[in-house]
Number of protein chains: 2
Amino acid sequence: MAARSTRKHSLGKPALPSSLRRRRGQDVTILDIAKCLDISHTTVSRAIAGHEHISEETKRRVKQAVKQMGYVPNASARTMRGQRSSVVGLIIPDVQNDFYATVAKIVADNLAAHAMQLMLSVTEDDPDRELRELRALLEARPAGVIIVPTASPKPQMIAMLRDLKSVQLVRTHAKITKNAVLIDDRAGTYAAARHLLACGHRRIAYIGGTTELSTGRERLAGFQAALADAKITSSNIALGPPRPDFARTSISMTMAMAPSSRPTALVLGSAELTLGALQGLRAANIDWPRDISLVGYHDPAWFELVGSGITTVRLPVQDVAQTATRVLLSELNSERANGGHAKEHTTIRLSPSLMLRGSTAALTEEQAGPMGRMAQST
Amino acid sequence: MAARSTRKHSLGKPALPSSLRRRRGQDVTILDIAKCLDISHTTVSRAIAGHEHISEETKRRVKQAVKQMGYVPNASARTMRGQRSSVVGLIIPDVQNDFYATVAKIVADNLAAHAMQLMLSVTEDDPDRELRELRALLEARPAGVIIVPTASPKPQMIAMLRDLKSVQLVRTHAKITKNAVLIDDRAGTYAAARHLLACGHRRIAYIGGTTELSTGRERLAGFQAALADAKITSSNIALGPPRPDFARTSISMTMAMAPSSRPTALVLGSAELTLGALQGLRAANIDWPRDISLVGYHDPAWFELVGSGITTVRLPVQDVAQTATRVLLSELNSERANGGHAKEHTTIRLSPSLMLRGSTAALTEEQAGPMGRMAQST
DNA sequence: TTGTACGCGTTATCAC
DNA sequence: GTGATAACGCGTACAA
């Protein structure tokens, strides 16, 4: 019944007897192509892979059939044979955060350029979810993972990461000894505080992420170092989850202080906290830089639109993402190259820069308060 | 040397002779577990799947072994047997866009809740890239796809989509007859323009996306309808790619017009265009709502921080994303249910709402100009 | 230059 | 309640 497929046309059979086209309701496989071209599936496989010892003629015919029949390689089957798939996992706390969104974009671009796929996992900074996401990801046998670890990763999750090529992004966790591409966060907040000090501010507050986060520690340290260098001992510091709400709350508490002790300047230790702080200030009807100078963290496009622009610590987002991908990909290749596991862990640290805009200003007499006239040492 | 791990505990052999643990350098498989427990791998598979006719005792032992040996199911193998993987592709123009970032977040959450994986593809609104991304995605044999199509999808890409469960998001393309979850864009810009008219504005400009995009058409139509309803025939309309730069350019051109004919109000037809417009206005030193009233599109958190807040068309982002995922997942299930292909294409349209803030104000005499005193019909 | 045979890890089917 | 076996699509060692 089923018409045997024809042959002889210069290149195989442009007409595909529909009966042959697919075996069941399935996709086209190299076997289908082989049958159709009356050659072995091995040849088809090799032709597609652009193997050496295949006649040009055969290659041509195969390629044509591939197009005509709409053949799409089956990644699963391919992965079964080899070890790992061409998937790279990206595990981040939050895609809505402009910083990570940018990271996702860059990583996606780079992977696409290498014919790899991006599997996205969002942890919401929840260690449990982080664990679940990684476990789920592992089922795909990814070639590698780019991860921004939560504050306290589950030991189980750390263990799983050990058998996997991975790069830590932005944050490091001590227990995870792996490649890492970081930002010199210390330098960031140091510069921020330094700038405010240079503006004459002395009562400078800091709102930052928990010290459970490596970024939280670094940024806090940078801030404190700047103040210490200026011989300022006391400061108003609030640490908590890097979410807008925390900053909002902190702001309302801080601003409830007596004017004479209330900070005249503010350093933010994360992008989300900056957003929250701005919301809080606005809600409290506190104007910047008139009432308070502030330096944000990270530099989304809209920072230049708020007020007369937000002075901020600009992060090398693109660089970080690009570098992370590069490190991961090169490790994947090195694997193939020297067969063994070249266990050299790369740690790269990129520098932020201070972007001066209109949210910071010189300390005014009014801000300084009646007894606030202090020496203005550099 | 290596201390033999202990044994004898109530169940079987918890001790795993390392020689048995993995066959080569591979991952643990159900076969390893089977060997270890001295049962058949079939039983292991069934135990893991929570199959019916397996003794509780066996299930318990298997589960324990799974944990101890760190077994992780191989999605590829699973996919090989069945038809499709548990991956869902999300194809969007841009993750950095707050709107799509939010979509990605919601979709990721929903999928995670259903033990599915999110594969992210970014097209940058480039049809060629869209095609490549879909092709690459197809290799993973995804269970389905959620896609925001580009303006002019390649026929080839449309063809591939036909054999795939999919949901169109926000934008529809005529040639893609599939499920779609959309926003009533027409209502959005209609309300925006209506509001400005109510404020007394008559010279209202519109900057929107190309009419090649369904969203572009709808939004333009809504704007025009509002003006037509107010018997206003002429208007300043600029259509182009929905990118900040386009809006920036348009702004500088529009604002170069003679003051008497220059628009006193502006409706934006996309989130990115709104960003660009704000940048353009600021660069041109045009203040809002003093010099011009404007209504944005979409409502990222920062809109309320700019000036006295941006009046904007608030989109039901979460709803749209949630619904799209729900539609897709339910179709996946219905597949399983009624075996056949229930070819009922769902189209859902959700409504935006106008969020009034400080970027719009009543038309002033100054804006209206010397001869600008016109009837103020509702 | 091309073809044959096997295995990757799972699950469905059938047998006991 | 459990086990043996086949099959999914692909790539490669081995053979011709």
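In the text below, chain A, chain B and the rest are named by the order of the sequence lines, each starting its count at 1. The structure presented is a predicted model; accordingly, all values stated were derived computationally and were not measured.
In this structure, B:Arg84 atom CZ and D:dC8 atom P are separated by 16 Å, rounded to whole Å. Per the geometry, CD1 belonging to B:Ile54 stands 13 Å off C1' belonging to C:dT11, to the nearest Å. The distance between atom NZ of A:Lys35 and atom P of C:dT4, rounded to the nearest whole Å, is 13 Å. B:Ile48 places its CD1 atom 16 Å from the C1' atom of C:dA12, with the value rounded to the nearest Å. Rounded to whole Å, atom P of D:dT2 lies 15 Å from atom CD1 of B:Ile30. Taking atom CD of B:Glu52 as the reference point, atom C1' of D:dG1 lies 12 Å away to the nearest angstrom. The separation between A:Asp27 atom CG and D:dG9 atom P is 8 Å, rounded to whole Å. For A:Met69 and D:dG9, the CE to P distance is 13 Å, given to the nearest whole Å.
Residue-to-nucleotide contacts include no donor-acceptor pair under 3.5 Å from the side chain of A:Thr58 to the base of C:dT2. Residue side chain A:His41 reaches the base of D:dG11 through a donor-acceptor N/O pair under 3.5 Å, judged by distance alone. Put simply, the side chain of A:His51 and the base of C:dT2 share no donor and acceptor less than 3.5 Å apart.
Of the residues in residues 74-81 of chain B, those placing a heavy atom less than 4.0 Å from an atom of DNA chain D are B:Met80, B:Arg81, in numerical order.
For the helix from C:dT1-D:dA16 to C:dC16-D:dG1, the angle separating the two terminal helix axes comes to 40°, with each axis derived from five pairs and the value rounded to 10°.
With sequence neighbours left out, the side chain to side chain contact (heavy atoms under 4.5 Å, CB included) criterion links B:Ala77 to A:Met80, B:Asn74. For B:Ser45, there are no side chain to side chain donor-acceptor pair (under 3.5 Å) partners two or more places apart in sequence or in a different chain. Applying the side chain to side chain donor-acceptor pair (under 3.5 Å) test to A:Ser55 and every residue at least two apart in sequence or in another chain returns A:Thr58. Scanning for salt bridge (charged side-chain N to carboxylate O under 4.0 Å, His left out) contacts around B:Arg78 gives A:Glu139, with sequence neighbours left out. Scored by the side chain to side chain contact (heavy atoms under 4.5 Å, CB included) test, B:Lys154 finds B:Pro127, B:Asp128, B:Leu131, B:Met157 as partners (sequence neighbours excluded). B:Thr150 is linked by a side chain to side chain donor-acceptor pair (under 3.5 Å) to B:Glu130, counting only residues two or more places apart in sequence or in another chain.
Nucleic acid contact for A:Ser55: sugar-phosphate only, since backbone atoms but no base atoms lie under 4.0 Å from a heavy atom of the residue.
Counting heavy atoms from C-beta on, the side chains of B:Tyr71 and B:Val66 come closer than 4.5 Å.
Picking from D:dA13, D:dG3, C:dT10 the nucleotide with the shortest atom distance to the side chain of A:Arg46 gives D:dA13. Residue A:His53 places its side chain closer to C:dT1 than to any other of C:dT1, D:dG11, D:dA4.
The phosphate of D:dC10 has neither OP1 nor OP2 within less than 4.0 Å of any side-chain N or O from A:Ser45.
Listed here is the closest heavy atom pair of A:Ile158 and A:Pro153: CG1-CB, 4.0 Å.
Of the two residues contacting DNA chain D, namely A:Thr42 and B:Ser40, the nearest-nucleotide position lying further toward the 5' end is that of B:Ser40.
Identified under the salt bridge (Lys or Arg N to Asp or Glu O under 4.0 Å) test for residues 106-127 of chain A, with sequence neighbours left out: A:Lys105-A:Asp109, A:Asp109-B:Arg129, A:Glu124-A:Arg129, A:Glu124-B:Lys105, A:Asp125-A:Arg171.
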**OP:** Applying side chain to side chain donor-acceptor pair (under 3.5 Å), run through B:Gln168 and B:Asn179 and close with a yes or a no.
**Re:** CA-CA 6 Å; B:Gln168 284 172 92; B:Asn179 299 313; over 6 Å; no

